[in-house]
Amino acid sequence: MHDIKAIRDDSSAFVRGLTRRGLGDAQALADGLLVQDKALRDLLVRLQTDQARRNDASKLIGQAKAKKDEALAASLMAEVAGLKESIQQGEASQRELEDALKQALAVIPNIPADDVPDGADEAANVPVAARAFGKAPGINAPKQHFEIGEALGLMDFERAAKVSGARFVYLKGDLARLERALGAFMLDTHTQKFGYTEMAPPVLVKSPALFGTNQLPKFEEDLFRTTNEDPFWLIPTAEVSLTNYVSDEILNEAELPLRFTAFTPCFRAEAGAAGRDTRGMIRQHQFSKVELVSITTPDQSNAEHERMTDAAQEILKALDLAHRVVTLCTGDMGFGAKKTYDIEVWLPGQNAYREISSCSNCGDFQARRMNTRFRNTEGKVKGPVHTLNGSGLAVGRTMVAILENYQQPEGSVAIPAALQPYMGGKKVIEKL
RNA sequence: GGAUGGGUGGCCGAGUGGUUUAAGGCAGCGGUCUUGAAAACCGCCGGGCCUGCAAGGGUCCCGUGAGUUCGAAUCUCACCCCAUCCGCCA
């Protein structure tokens, strides 16, 4: 969420940033916000003047009563009584104006960082040459992952449809184990090589948490929720649970950065994706993912973003999976991001690079929504922290990549060396 | 789900209607002393917002919301959360 004071101080930066994102009416939006802001501040000046008079007079009433000066007390009481109504009205107006302003701010996306390339959609994303890794393996007539998995008898979409409908899958035998192995391998890598703290977080959360990480109020249709009056929501990503771990807190600068990782199921309604990726495991209502979240000071977040992307890439390198990294352009970035790197893994069966991780620096955008600040070593509150999140990696899609890149002509799938210890030393996945 | 007890500043904790700007302690920061440190002593020490060039001034916040009152941390109502016990349960 944006800071209204920053918009007040420099509305042109705000307008420029949103225009780069492709919002056509950014100037009108800013003007409207500033009108609301001015109305609120004018009201506060009036209201606080009244409150000050009431407080002074009330104090004098106490003193007059102590001196038994009933006449003075009575006249002061009459004066304060007259203020009462206007104060109550003012307080109600304050609430309305503040709520309206917050609502307006809550649906405005973050401003892109200066070094984010301009562009309307994914066609304008820019490859990061230095981060490219590996070469597409030469596979003759490559099969898609679901063909491989079903032929092995280890992947069952039909029965999943019977039980849960479209966009679910049963994994069996070594593929079920592979999911668990991937989760363990990723967690071990992030905790041991990159200093992340492993978490086992809630996957049902309350609305304020989803407001904190931008899913609410704007993207409600992407989420599942329970039917209680005060509902729980199923997390679409562990970013929600891990980032909100520090909501409503003032952290000490000395304990930053905080780095959290978790292996969790994720749930997405995929409301706007009808007809896309309908076959296979690429787009499911439920999938598992290892998530990375960092909480940093403002001056650390850019370096942390590179480091987090390194950590995510490290998994693909260890699995020897060809991939590339692109910097998302202004028009393709998520709502809360200042800058995002997508990691795209090569899928021989699709003959294409597909997203397997997205690492974003959100700057202070989520921290302001969550009310998370930090205090320096002198004890002074220095303002909102910065938050970053990234997939490290999407486990289902990693399995897809392994199946397609390690497929053997006769239908079996080699297990990457780094995973073999997690698969009981097994080297190949074969038909059940 | 039932019963009881609780929610106060970074932490612990006092405070049952005005004369208080939420006592006191711990932690933190600065200083005295010391070769250095500890101890002791002295001082500083919550957050948001409005206003102001600044110094400063004002206002709101004692779980949340509504109410009573000239005035609420304190009284009333509703709700949320936590703890303990009981019931149920993986």
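All values below were derived from every heavy atom in this structure, side-chain atoms included, with hydrogens, water molecules and symmetry-related copies excluded. Throughout, protein chains are lettered first and strands after them, A, B, ... in sequence-line order, and every chain is numbered starting at 1.
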Next on the checklist: Using the P atom as the point on both nucleotides, what is the distance between B:C12 and B:A27, in whole Å?
Outcome noted: 15 Å
Item to check | Interatomic distance, A:Arg41 CZ vs B:G58 C1' [rounded to whole Å] | outcome: 16 Å
Next on the checklist: With rounding to the closest Å, how many angstrom separate the C1' atoms on B:G9 and B:G46?
Outcome noted: 5 Å
Checklist entry - Going by atom types only, do A:Thr213 and A:Glu239 share a side-chain donor-acceptor pair under 3.5 Å? => result no
Checklist entry - Heavy atoms under 4.0 Å, any strand shown: does A:Leu76 hit a base, just sugar-phosphate, or nothing? => result nothing
Checklist outcome for this item: Assign each of A:Met77 and A:Gln48 the nucleotide of RNA chain B bearing its closest heavy atom; nearer the 5' end lies the nucleotide of A:Gln48
Next on the checklist: I need the CG-P distance between A:Leu44 and B:G48, as an integer number of Å.
Outcome noted: 16 Å
Next on the checklist: How many whole angstroms separate atom CG of A:Asp37 from atom C1' of B:U51?
Outcome noted: 14 Å
Item to check | Atom C1', compared across B:U21 and B:G57: separation rounded to whole Å | outcome: 14 Å
Next on the checklist: Any donor-acceptor pair under 3.5 Å linking the side-chain atoms of A:Thr243 with those of A:Gln366?
Outcome noted: no
Next on the checklist: OP1 or OP2 of B:C80 versus the side-chain N and O atoms of A:Lys206: is any pair under 4.0 Å?
Outcome noted: no
Checklist entry - According to the Watson-Crick and G-U wobble definitions, with both distances under 3.5 Å, which nucleotide is paired to B:G46? => result B:C61
Checklist entry - When rounded to the nearest Å, what value does the distance between P atoms of B:A37 and B:G56 take? => result 32 Å
Checklist entry - Rounding to the closest angstrom, what is the interatomic distance between B:C88 and B:G2 at atom C1'? => result 12 Å
Checklist entry - Just how far, in rounded Å, is P of B:G17 from CG of A:Asn55? => result 20 Å
Checklist entry - Which residue, A:Asp115, A:Thr327, A:Asn110, A:Asn302, forms the side-chain hydrogen bond (donor to acceptor under 3.5 Å, both in side chains) with A:Lys339? => result A:Asp115
Checklist entry - At under 4.0 Å, does any side-chain N or O of A:Arg8 touch on OP1 or OP2 of B:C50? => result yes
Item to check | Touch class at under 4.0 angstrom, heavy-atom based, for A:Arg368 against every strand present | outcome: nothing
Checklist entry - Do we see a donor-acceptor contact under 3.5 Å between the side chains of A:Ser358 and A:Asp342? => result yes
Checklist entry - How far does the P atom of B:A14 sit from the matching atom of B:G30, given to the nearest Å? => result 31 Å
Checklist entry - So what's B:U68 paired with, Watson-Crick or G-U wobble, going by both distances under 3.5 Å? => result none
Item to check | Separation between the P atoms of B:A78 and B:U74, rounded to whole Å | outcome: 16 Å
Item to check | From CA spacing to verdict: ring-ring contact (aromatic ring centres under 6.0 Å, His included), A:His386, A:Phe365 | outcome: CA-CA 8 Å; A:His386 279 199; A:Phe365 191 80; over 10 Å; no
Checklist entry - Which residue, A:Thr387, A:Asn361, A:Asp364, A:Thr296, forms the side-chain hydrogen bond (donor to acceptor under 3.5 Å, both in side chains) with A:Ser301? => result A:Asn361
Checklist entry - Considering every strand shown, what is the Watson-Crick or G-U wobble mate of B:A37 when both distances are under 3.5 Å? => result none
Checklist entry - Between B:G48 atom C1' and A:Arg375 atom CZ, what is the distance in whole Å? => result 13 Å
Checklist entry - Roughly, in whole Å, what's the span from CD in A:Gln94 to C1' in B:G58? => result 14 Å
Checklist entry - Quick one: A:Ile250 CD1 to B:G48 C1', roughly how many Å, whole number? => result 10 Å
Next on the checklist: Counting only side-chain heavy atoms from C-beta out, which of B:U59, B:C49, B:G48 sits nearest to A:Gln51?
Outcome noted: B:U59
Item to check | Residue pairs, two or more places apart or on separate chains, that pass ring pair (Phe, Tyr, Trp, His ring centres under 6.0 Å) and touch residues 265-309 of chain A | outcome: A:Phe168-A:His285, A:Phe224-A:His285, A:His305-A:Tyr341
Checklist entry - Among side-chain atoms of A:Gln27 and A:Asp31, is any donor-acceptor pair under 3.5 angstrom? => result yes
Checklist entry - For A:Leu47 and B:C60, what is the distance between atoms CG and C1' respectively, to the nearest whole Å? => result 9 Å
Next on the checklist: On RNA chain B, does the nearest nucleotide to A:Arg53 precede the nearest nucleotide to A:Val45 from the 5' side, or the other way round? Give the residue.
Outcome noted: A:Val45
Checklist entry - With rounding to whole Å, what would you report as the distance between B:A72 and B:A55 at their P atoms? => result 31 Å
Checklist entry - Using purine N1 to pyrimidine N3 plus N6-O4 or O6-N4 for Watson-Crick, or N1-O2 and O6-N3 for G-U wobble, each under 3.5 Å, what pairs with B:G1? => result B:C86
Checklist entry - Does the distance from a Lys or Arg side-chain N to an Asp or Glu carboxylate O, for A:Arg41 and A:Asp37, drop under 4.0 Å? => result yes
Nucleotide N/O of nucleotides 71-73 of chain B paired with protein N/O under 3.5 Å:
unit_1: B:G71; atom_1: O4'; unit_2: A:Ser58; atom_2: OG; d: 3.3

